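Please read the structure below before turning to the comments.
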Amino acid sequence: MFELRLVQGSLLKKVLESIKDLVNDANFDCSSTGFSLQAMDSSHVALVALLLRSEGFEHYRCDRNLTMGMNLANMAKMLKCAGNDDIITIKADDGTDTVTFMFESPSQDKISDFEMKLMDIDSEHLGIPEAEYEAIIRMPSAEFARICRDLSSIGDTVVISVTKEGVRFSARGDIGAANIVCRQNATVDKPEDATIIEMQEPVTLTFALRYMNSFTKATPLAEQVTISMSSDLPVVVEYKVAGMGYIRYYLAPKIEE
Amino acid sequence: YTLQLHLPEFFVWK
């Protein structure tokens, strides 16, 4: 028997909105430590890793490890039927091939039950080593989303370059070129507005903007985004899920030919 | 011209 109950159901709604455009079908891994997922997009260029720890739920029961294969678009459709203030419960009985989503309104005067068939998806997990990154940028998530959106109107590729001056986002295309430089800015009154750059080494990497824009769908989850870079590794774009865990996106770089 | 790399070139399959 597996059951989780999340009082702040809106978090789960936002999580699905953050991943459903990148990955079609994925396995949710349920264990005593929590509710997680790791899945690559169809081209194996990007990967999303989700972790919601069990202690972050109001109620969490997982009698034995369980993998639930789901079509994320269908799951998102069902979660869209939950109100932003609803309590969301997900449960699956052992040996059944369905999962139930239950939505309770705050005043408990409306209870909804949605049942979805589970899928058999062969899980393709990658081993992602913990790494020391040469540069780590923490900045307002809305700012990062704005930069990715603006640069994608100039070109389809962004060059991210971290130096001691700050972080530079560059794009070029048929109509011209654009450079956006963000400097370290720790002296703000609200910590969520700060831009903090930890740089061990200067690093420059090139990425496809369409994946970066897909990652920024997670912006509503967190005020800040962390971008970790190293010369010979995929970039990690991480959004914390308030007090529960995170959504991490990994993106393979492009190289100049 | 930029060549898009893929994640399995960096991370090993479990």
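Residue numbering restarts at 1 for every chain, and letters A, B, ... go by the order of the sequence lines. Just so it is clear, the structure is predicted and the values come from calculations on it, not from any experiment.
Residues of residues 228-240 of chain A that come closer than 4.5 Å to chain B, counting heavy atoms only, are A:Asp232, A:Leu233, A:Pro234, ordered by residue number. Contacts from residues 18-44 of chain A to chain B, taken as heavy-atom pairs separated by less than 4.5 Å, involve A:Met40, A:Ser43, A:His44 in sequence order.
In plain terms, the two heavy atoms of A:Leu251 and B:Leu7 that are nearest each other are C-CD2, 4.2 Å. Listed here is the closest heavy atom pair of A:Thr157 and B:Thr2: OG1-OG1, 4.4 Å.
Listed by chain and number, the residues in a salt bridge (charged side-chain N to carboxylate O under 4.0 Å, His left out) with A:Lys14 amount to none (sequence neighbours excluded). Under the rule for a salt bridge (charged side-chain N to carboxylate O under 4.0 Å, His left out), A:Arg53 has no partner lying at least two apart in sequence or in another chain.
With a 4.5 Å cut-off on side-chain heavy atoms, A:Leu126 and B:Val12 do not count as touching. Side chains of A:Tyr250 and B:Phe10 form no contact here, defined as non-hydrogen atoms less than 4.5 Å apart. Residues B:Trp13 and A:His125 fail the side-chain proximity criterion, which asks for heavy atoms closer than 4.5 Å.
Other residues, nucleotides and ligands contribute over 12 non-hydrogen atoms within 6.0 Å of the CD atom of B:Glu9. Around CG of A:Asp156, the count of heavy atoms belonging to other residues, nucleotides or ligands within 6.0 Å does not exceed 12.
The backbone N or O of A:Ile255 lies less than 3.5 Å from no partner atom in the side chain of B:Gln4, so there is not a single donor-acceptor pair.
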